[in-house]
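For reference, the structure discussed in these notes is given below.
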Amino acid sequence: MANDKDIRRQPEPMSSQADGVTGDLVRLMPSDLVFVMRFMGESQHRLQSHFQDFIRAELAAGGVTTETHPMIHLFIENHAILLRDFVFSGVSLSRQFRVEEIERLTGDTTSMIRVDIWDQLKSHIETAEKQFQSQAGTLPKLLSAFEKPPDRRLGPKNDGGSDGANYQA
């Protein structure tokens, strides 16, 4: 007979399903996988600084300065980050490489990139499944917000209270 501890034990990830979806994703790689360039480090700081200077000058031209708005640096920094990310995202999306191009550029004639990607996909899918399973105990409370509301027509008749909570259509 199973005890409570056995019943509460979290099931293992559905490995065969993880293998299946991983295989599907690898099969779709030639059409769906793109490698995107990303600016990092000092490039991010340099472009953000440019936009901070630009925004500061534009605001000053309109009469908004640190003297008139002492906390304006927060606005300037936040908007400079938004503009920086907009520029880098746009450039990244316009310079994508397909898996075949990366294999050709790296001289990968054995498709090791695809094998590595398959391994990483499977590992991350299993990790995601385990993470979800580990939170199963909290799901009923979270899912209660998605329950169908009770049928108000079946509730108790109005008792004359002023809150209308017992209203019957």
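Positions are given from 1, in the same order as the sequence printed here.
If you chain together hydrophobic residues whose side chains sit under 4.5 Å apart, Met29 and Ile102 fall into the same group. Phe97 and Val34 are members of different hydrophobic clusters when ILVMFWY side chains are connected at heavy-atom separations under 4.5 Å. Taken together through direct or relayed side-chain contacts under 4.5 Å among Ile, Leu, Val, Met, Phe, Trp and Tyr, Val21 and Trp118 form part of one hydrophobic cluster.
Under the salt bridge (Lys or Arg N to Asp or Glu O under 4.0 Å) criterion, Arg84 pairs with no residue, sequence neighbours left out. Annotation: salt bridge (Lys or Arg N to Asp or Glu O under 4.0 Å) contacts of Arg104 (sequence neighbours excluded): none.
Going from atom CG of Asp108 over to atom CD1 of Ile113 covers 4.5 Å, rounded to the nearest 0.5 Å. Of the inter-residue distances, the one linking Met112 atom CE with Glu103 atom CD reads 11.0 Å to the nearest 0.5 angstrom. Distance check: Ser134 OG to Glu129 CD gives 12.0 Å after rounding to the nearest 0.5 Å. Note that the NE2 atom of His69 and the CE atom of Met71 stand 12.5 Å from one another [nearest 0.5 Å]. With values rounded to the nearest 0.5 angstrom, Arg38 atom CZ is found 6.0 Å from Gln44 atom CD.
Crowding of His50 atom NE2: a count of heavy atoms from other residues, nucleotides or ligands under 6.0 Å exceeding 12.
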> Which is it for Leu28 and Val26 under the side-chain contact (heavy atoms from CB on, under 4.5 Å) test, yes or no, and what are the steps along the way?
Replying inline: CA-CA 5 Å; Leu28 293 168; Val26 169; over 6 Å; no
- request: Check the pair Arg46 / Ser43 against side-chain contact (heavy atoms from CB on, under 4.5 Å), numbers first and verdict last.
  value: CA-CA 5 Å; Arg46 176 64 186 99; Ser43 296; 5.7 Å; no
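Nearest heavy atoms, Thr68 versus Gly63: OG1-O, 3.5 Å.
The existence of a salt bridge linking Glu126 and Lys122 is confirmed by a sub-4.0 Å separation between a basic side-chain nitrogen and an acidic carboxylate oxygen. Remark: Arg114 engages Glu100 in a salt bridge, criterion side-chain N to carboxylate O under 4.0 Å.
A 4.5 Å side-chain heavy-atom check between Arg98 and Leu33 finds every atom pair outside the cut-off. Taking 4.5 Å as the limit, some side-chain heavy atom of Glu77 sits within range of a side-chain heavy atom of Gln48. For the pair Ile125 and Thr127, the minimum side-chain heavy-atom distance is 4.5 Å or more. In this structure, the side chains of Phe35 and Leu105 stay at 4.5 Å or more apart for every pair of heavy atoms.
Phe39 belongs to a hydrophobic cluster with Met37, Leu47, Phe51, Phe54, Ile55, Leu59, Val64, Ile72, Phe75, Ile76, Leu83, Phe86, Val87, Phe88, Val91, counting contacts under 4.5 Å between side-chain heavy atoms of Ile, Leu, Val, Met, Phe, Trp and Tyr, direct or through other members.
Of the possible donor and acceptor atoms, none in the side chain of Ser123 sits under 3.5 Å from a partner among the backbone N and O of Gln120.
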